[in-house]
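Notes follow the structure.
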Amino acid sequence: KTKTVYVIEFLRVFSLYSGKYPSKKIQKYINEYFNKLITLAIAENFTQKQIAKEKNKDKIIKNSADLLICRGRDIDVFTEIALLEFKNQRVKSIIKEMSRIFRAINILKKDIKDISHDKKNNIETIVLLILSKNKINFSIYINSILDIFLKKSNIIIKSINKSDSSNIS
């Protein structure tokens, strides 16, 4: 079911792409986007199976956070296009990392909001997988994932503070 969502997204973007011919620079990022959609679907499926088998709660939480960050990579193309003329590669990389965290949080939020819909339509999400594991407190699980994202963000912010702020653009 998850793969279907990625295939639909692929077809949607492909149809938009076919209607207009973007510049060569943008075409490169769009091609990468199509490749990522397919890779992300496979990675998500594999990671969900690993999480389903896992018994250690800390590993489940870490793997879930990693899965959400992985799913968040679908934002890369939009970040790259927005920063097309941006020269500072280090800052560009930092912005990309932060956008993935932002996207991961929004995916988690959407998966929580869509619990009833996803159950009804047999859409496999990490949220439904965790809810099916009776020994995991869902509130603690969600807070732990958000804590991981906060720590990742703080590490990125500290790295920005260490950089030469006069050379950001």
Side-chain angles (χ1 to χ4, degrees), residues 1-6 9 29 32-33 35-83 86 88-165 167-168:
K1 306 286 181 198
T2 304
K3 288 179 199 167
T4 304
V5 174
Y6 284 109
E9 177 67 6
Y29 295 118
E32 288 175 12
Y33 178 68
N35 288 328
K36 275 186 184 175
L37 283 179
I38 295 164
T39 305
L40 291 174
I42 294 166
E44 181 176 4
N45 188 293
F46 174 79
T47 307
Q48 278 191 351
K49 287 179 182 174
Q50 295 298 106
I51 293 169
K53 293 178 196 172
E54 186 60 60
K55 302 231 184 290
N56 181 300
K57 290 178 188 175
D58 291 334
K59 286 183 181 177
I60 290 170
I61 290 166
K62 183 201 174 303
N63 290 343
S64 296
D66 290 346
L67 172 63
L68 288 162
I69 294 287
C70 179
R71 286 178 65 192
R73 294 175 77 87
D74 68 354
I75 200 168
D76 286 358
V77 67
F78 305 105
T79 307
E80 289 285 351
I81 291 170
L83 299 173
F86 202 77
N88 187 321
Q89 292 303 311
R90 183 175 178 281
V91 174
K92 196 174 187 178
S93 175
I94 289 169
I95 292 169
K96 217 158 107 173
E97 287 180 61
M98 289 298 283
S99 69
R100 288 176 184 162
I101 294 169
F102 172 80
R103 178 74 174 124
I105 291 167
N106 279 292
I107 290 168
L108 179 61
K109 181 179 138 188
K110 183 187 178 312
D111 285 353
I112 292 169
K113 181 180 158 267
D114 292 346
I115 289 172
S116 297
H117 172 270
D118 292 344
K119 273 185 185 178
K120 184 175 139 185
N121 293 293
N122 294 320
I123 298 171
E124 297 173 9
T125 66
I126 190 63
V127 168
L128 290 181
L129 175 62
I130 296 306
L131 287 171
S132 71
K133 286 183 166 273
N134 297 329
K135 295 184 180 184
I136 295 181
N137 180 306
F138 191 68
S139 293
I140 293 171
Y141 167 81
I142 296 298
N143 286 328
S144 298
I145 288 179
L146 293 175
D147 190 46
I148 289 170
F149 293 157
L150 181 60
K151 287 176 184 171
K152 285 180 182 284
S153 298
N154 285 333
I155 290 168
I156 295 167
I157 290 167
K158 285 179 185 175
S159 78
I160 294 170
N161 292 337
K162 290 180 184 177
S163 71
D164 179 11
S165 60
N167 192 20
I168 289 185

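Counting from 1, the numbers follow the sequence of the chain as shown.
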Result for side-chain contact (heavy atoms from CB on, under 4.5 Å) between S64 and one of I51, I69, I136, T47 points to I51
Please examine the side chains of R71 and L68, heavy atoms only from C-beta on, and report whether any two atoms are closer than 4.5 Å. yes
For E54 and K133 the tightest heavy-atom approach is O-NZ, 2.8 Å
Within-4.5 Å side-chain heavy-atom neighbours: L108 and L146: yes
Measure the shortest side-chain to side-chain distance between R103 and T79 over non-hydrogen atoms and say whether it is less than 4.5 angstrom. no
Just verifying a value: how many Å separate F138 CZ and I130 CD1, rounded to the nearest 0.5 Å? 8.0 Å
Which heavy atom of L40 sits nearest a heavy atom of R73, and at what distance? CD2-CB, 4.2 Å
How far does NZ of K113 sit from CG of D118, to the nearest 0.5 angstrom? 10.0 Å
Do I101 and I156 touch side chain to side chain, with heavy atoms closer than 4.5 Å? yes
May I ask you to decide if K57's main-chain N or O and K135's side chain share a donor-acceptor pair within less than 3.5 Å? no
Evaluation steps, side chain to side chain contact (heavy atoms under 4.5 Å, CB included), between S132 and L129: CA-CA 5 Å; S132 71; L129 175 62; 4.2 Å; yes
Any S93 side-chain heavy atom under 4.5 Å of E97 side chain: yes
Nearest-0.5 Å distance that lies between atom CD1 in I155 and atom CD1 in I94: 12.5 Å
To the closest 0.5 Å, what do you measure between NZ (K96) and CD (Q89)? 9.0 Å
NZ/K152 to CE/M98 distance, rounded to the nearest 0.5 angstrom? 12.0 Å
Taking all atoms of both residues into account, what is the closest heavy-atom pair of L83 and I95, and its distance? CD1-CG2, 3.7 Å
Looking at D66 and K62, does any basic side-chain N land under 4.0 Å from a carboxylate oxygen? yes
Between the side chain of N121 and the main-chain N/O of I123, is any donor-acceptor distance below 3.5 Å? no
When you look at D147 and I61, which way does the side chain to side chain contact (heavy atoms under 4.5 Å, CB included) test go after all the steps? CA-CA 10 Å; D147 190 46; I61 290 166; over 6 Å; no
Can you see which heavy atom on I112 is nearest to which on I115, and at what distance? O-CG1, 3.1 Å
To the closest 0.5 Å, what do you measure between OG (S153) and CD1 (I148)? 12.0 Å
Any side-chain heavy atom of L67 within less than 4.5 Å of one from N63? no
